Amino acid sequence: MASISGTNVGAHGHDHAHHDEPYLTPKSSLWATIIDWATTIDHKKIGVMYLVAVLFMFFLGGVAALAVRVELLEPTRTVTTTVNGETTVQITGSVMHSVGMATDMASAGDWYNKIFTLHGLIMVFLVIVPSIPASLGNFLMPLMLGAKDVAFPKLNLASWYIYLFGSFFAIASAVVGGVDTGWTFYTPYSTITDAGHWKVVFMILAAFILGFSSILTGLNFIVTVHKLRAPGMGWFDMPLFVWGMYGTSLIQVLATPVIGITLLLLIFERLFHIGIFDPRMGGDPVLFQHFFWFYSHPVVYVMILPGMAIMSELIAVFCRKKVFGYRAVAFSSLAIAAIAFVVWGHHLFTSQGEVAAAVFSALTFLVALPSAVKVFNWVATLYKGSIDLKTPMWYALGFLFLFSIGGLTGLFLGALSVDLHLHDTYFVVAHFHYVMMGGTIIAFIGGIHMWWPKMFGKMYNEFWGQTGFWLVFIGFNLTFFPQFIMGVHGMPRRYASYVDEFLIYHQLSTVGSWVLLLGFLVHFFNFVHSLAAGPKAPPNPWGALTLEWTDAASPPITHNFHHEPVVTHGPYDYDDVVPAQTKPGEFPLPPKAEGRTVHVVKAGH
Amino acid sequence: MTSFPVENSGLGAAADRPYHETYRQAEHFRTQADEFDAVKLGVWLFLATEILLFSGLFVFYGIMRMLHPEAFIHGSSLLDWRWGLLNTLVLLYSSYTVASAVRCAQVGDQKGLQRNILITFVMGLLFLVIKFVFEYAPKYAEGKLPGFWYSYPNWESPYEPLWWGMYWGATGVHASHVIIGMGLFVWLYIRARKLHFGPKHYNAVEGVGLYWHIVDVVWIFLFPMLYLIH
Amino acid sequence: MAHAASHSAAHAAHAAHGDHGHDHGHIVIPQRTLLVVFGILLLGTLATVAAAQIEVWFAATFDVVIPQWVNVAVALSIAAVKSTVVALYFMQLRYDNPFNSLVVVFTLFTLAFFLGFTMLDLGSRKALYDYKGSYVTAGGQGNISVPARPGAPAGAEYETIPAGTSIAQFARITAARQAEQTLANGGTLPAQLAVFCAQEIQRLQADGKPLPPYLVKFEQVREQYAAILAKKMGHGHADSAHAEQGASANHARVRTGLTLPEFSQHSSHSKDSGHSKDAGPAATPAGDNPAAK
């Protein structure tokens, strides 16, 4: 705080003593600790709470996904056999049926619909949208900018409680029976199914409320970036993670209100039947698709941009090299955010008019440009870097591989004529899982590994980390690659049954989902072990140059920094600056940096 | 970090001086100016979300008017533009008083600040009274309602239930914003009575004022779009 | 930081906040400016009302067709000017950090994209294939359960709109039912039902169809409603709360530039499904669906 001018310092200066302790330090009693966490406005604690919640929701959504895959292990069939003139009707191939959840083919299908809907809703609204911004973003943004907190800490806490409130409705909806509308709430499904029941309203309400949580996070980040950068940190001295978050936040602020009004109208439609989207009342159901995708396409970039943001950090740190084309990567985040708003129509190629479809198809290809700029720059950063193949770096490489597949298959779907064939097939399912899971979730796990020592002050086990990566990577490809093939051959999405031709692909996919599960379990136990018995982490185990590594302890103190950081070098100046090591050989140094003078503030003193 | 005298920490020992003179920014801001700018930027971003919240209704309006102009023209002729005009004047005046309230806070005119907040609140109430008593109630009685509830027989286009969906949706969402704004003015008034606002510290007055202006701006568009179609 | 000094009583102009030139955002706008802005807003409001009246008068006097977009463009331009004034002065954008203005501009861009592309689609559905232009059936196609309308069987909470009947159509069926019951009991019709009966008679006569008994009965007591009909029907169609406005709106509607084939003042009820091949039954004119007896 020395650099802050004297007379005008914050209101809480007198009680700074305990702010020098690590933020994780428990209070005197368990109860006091719980109260402390529940009422905290510390961005780090909120980030950690989000992380726990998001991972828990990821577990729930994952269970639903596994259930979907298990149901698809065999096609559900009604087998009618006549023995001695006696006809028996049997349902085969349905797990829902064999465990007694479903009584007949139709109800097995209903359960299937509900479970894939639950999977989609949880994964989109409760996991991927908040995942990186709300957990890692909350934790890291102020640290990376050299600030004490986000701009509006109370709003940040409010956003967390709004998230909990929204999750409550989502879970309540699932508990009272679940919805079968698909996560997109397309009308007229969402206005007709379960008429008179509150399940669908609960679920729509959940998505509506979660939107506010998302808006508050985005709003907070934008103001934080504008107003709380450390002295000496210009816009182009910010880590690329911050740039990615900034683009994400712009989309969150500009797109989320539209889903707000859309879902509000949908709730009105469902409860009061005002005839806006419901064709029975003269409304236009395709209008709903426009409204919905005007938010939900940009939100796809809310999901992937943070993944890209993490990627830039992972690649730079573990190659010990300046990111190739810093400004291009930074601006491509903004370009993606801008283009995000004009391509939503490619989700409704089959339901809209030809003219609009052609325009949207053309615009869709624009997104490939900034995305490719990023991928090429990351690859160029790898070139002649001193690559350190730690778990996070493996995840970065995995991202490059999977996201490239996901992105390029997006071009197939963006092509109008091809999409008419592939629309609503497993090709689409595979495409967005390669982007959402192969992109965002892979980067998220890589990011958790990288910042784990910073967040909790403990190292994880490298061997099990890498084992987990390979299981996840192989399991992921085994699960989703066959779905591309199925999709091209015409397997439609959202069906509980299928023809025998698809049997082998579905079985590969289901087996893959088990490998994937194993990988996640390995990571989970690795993290638990790390918390319980992991070695203490040094302030900067990877030799990174961003402020959270160079100027803050592991874990950081409550006020983040003992002294307000003054930025004297760029976030990726590995050629000129050598980060301080706590012991020699802690991390490999970039070859070019050998023998140069070192300037870096040692953390944790 | 060094310790600072208690009088610098907000209310503290300087209880004889009003809150707005002893106010200090939250500790993570470097200066009070930074906090002021941050709050203002935050409010503007929030206003952006408000505009986009209403955008759904505007888009619905645009589409439906494009597709079914006859329904909108006849539907509009069933509204009385004179109530709309009166409500426009009420809201414009309240916008003026809220702008004056910000000015009063800036120059430290506590009486004027309280008076202007109060007038704005009353204007909001007047708006709602006109809306509910002279517009909503008769329309409800005559069955000029959206979709499911529509029972007004003297239509000229069968698409007219859509027009009423539009009318009730847009004015309803707008009216709910007016109600929220009135709640905020009650809060402001209580704080203003406690002398919380002055030349150095009027973030809340400014923020609520900006919100109220955007509610007014939305009505500036809704008025001709709903009442003056020919 | 000499805050106290810089914020002395003479706080009229720039209240520079020390540090690094953050002097935007602390402008105190003179009361006179606020008053002038308020005056401009009042003028703008009057202008937008006057413009609408002038449009009607112009169309009626010179017997010209004024296209729809004129109405839209004039109204929205004036509203845009008013909002800009509010944003610049009341909301102080003019004196503020330019980034705040940028936020507004980006927001409006977003809104424009949203509106523009959605309209592009819904406005061009039948560009290649006509059948794709069949917008959703006018007012719904029935087969839905709605809250019981006046005159429904006693105790009924809901009633079902017959298949193929739009909501608007059903409103007329129930209005006829209610009018019939009221007249049979010798009661007095509410104003909008009286207007409905008179309009229904016009419609049936225009199509050369016989009047159902309740309308015959209405003809007998029509005198009783003469005042209401004269006030509310104007030249025969509009049911405005105000006769003059209703009448003038009628004029304007005759003459404004609706180009869609289905819109025509005197036969709208029989052509309202013009652009919709499969809208058929929903748009059947009232006269073809005699009130349920």
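Since we're looking at a predicted model, the values are computed, not measured. Convention: sequence-line order gives letters A, B, ...; per-chain numbering from 1. What's counted below: heavy atoms across the whole structure, side chains too, no hydrogens, waters or symmetry copies.
Here the closest heavy-atom approach between residue Ala168(C) and residue Trp155(B) is recorded as O-NE1, 2.7 Å.
Using a 4.5 Å cut-off between heavy atoms, Leu41(B) contacts chain C through both its backbone and its side chain. With a threshold of 4.5 angstrom between heavy atoms, Phe117(C) does not approach chain B through any atom at all. In this structure, chain B has no heavy atom under 4.5 Å from any part of Ile78(C). For a residue to count as touching a neighbouring chain, one of its non-hydrogen atoms must lie under 4.5 Å from one of that chain's; by this rule Leu47(B) touches chain C with the side chain only. Heavy-atom distances place the side chain of Leu93(C), and not its backbone, under 4.5 Å from chain B. Contacts of Val104(C) with chain B are made by side-chain atoms alone, with heavy-atom separations under 4.5 Å and no backbone atom involved. Both the backbone and the side chain of Tyr93(B) come within less than 4.5 Å of a heavy atom of chain C. Heavy atoms of Phe106(C) lying under 4.5 Å from chain B are absent altogether. Of the atoms belonging to Val146(C), heavy atoms from both backbone and side chain fall under 4.5 Å from chain B.
Considering only heavy-atom pairs separated by less than 4.5 Å from chain B, the leading option among Val103(C), Leu42(C), Ile167(C) is Ile167(C). Most heavy-atom pairs under 4.5 Å with chain C: of the set Thr88(B), Val43(B), Ile51(B), Leu52(B), this distinction falls to Leu52(B). Between chain C and the residues Gly198(B), Pro138(B), Gly143(B), Ser100(B), the largest count of heavy-atom pairs under 4.5 Å involves Ser100(B). Your options are Gly209(B), Gly108(B), Gly147(B), and the one with the most heavy-atom pairs under 4.5 Å with chain C is Gly147(B). Between chain B and the residues Val86(C), Val37(C), Leu46(C), the most heavy-atom pairs under 4.5 angstrom are made by Val86(C). In terms of heavy-atom pairs under 4.5 angstrom with chain C, the leader among Val217(B), Leu210(B), Leu92(B) is Leu92(B).
Between Tyr23(B) and the choices Glu35(B), His196(B), Gln32(B), Lys200(B), the side chain to side chain donor-acceptor pair (under 3.5 Å) rule is met once, by Glu35(B).
Centroid-to-centroid, the aromatic rings of Phe185(B) and Trp212(B) come within less than 6.0 Å. When ring centroids are compared, Tyr61(B) and Phe72(B) come within the 6.0 Å threshold. Between Tyr136(B) and Trp168(B), a ring centre-to-centre spacing shorter than 6.0 Å is recorded.
A salt bridge links Glu206(B) with Lys40(B): the distance from a Lys NZ or Arg NE/NH1/NH2 to an Asp or Glu carboxylate oxygen falls below 4.0 Å.
Remark: the Gln192(C) side chain and the Asn154(B) side chain contain no N/O donor-acceptor pair separated by less than 3.5 Å. In summary, the side chains of Gln31(C) and Arg103(B) do present a donor paired with an acceptor at a separation below 3.5 Å, with no hydrogens or angles considered. For the 3.5 Å distance criterion, the side chains of Gln106(B) and Tyr202(B) qualify, holding a donor opposite an acceptor.
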**Q.** Stepwise side chain to side chain contact (heavy atoms under 4.5 Å, CB included) test for Asn203(B) and Phe197(B)
**A.** CA-CA 8 Å; Asn203(B) 292 354; Phe197(B) 307 118; over 6 Å; no
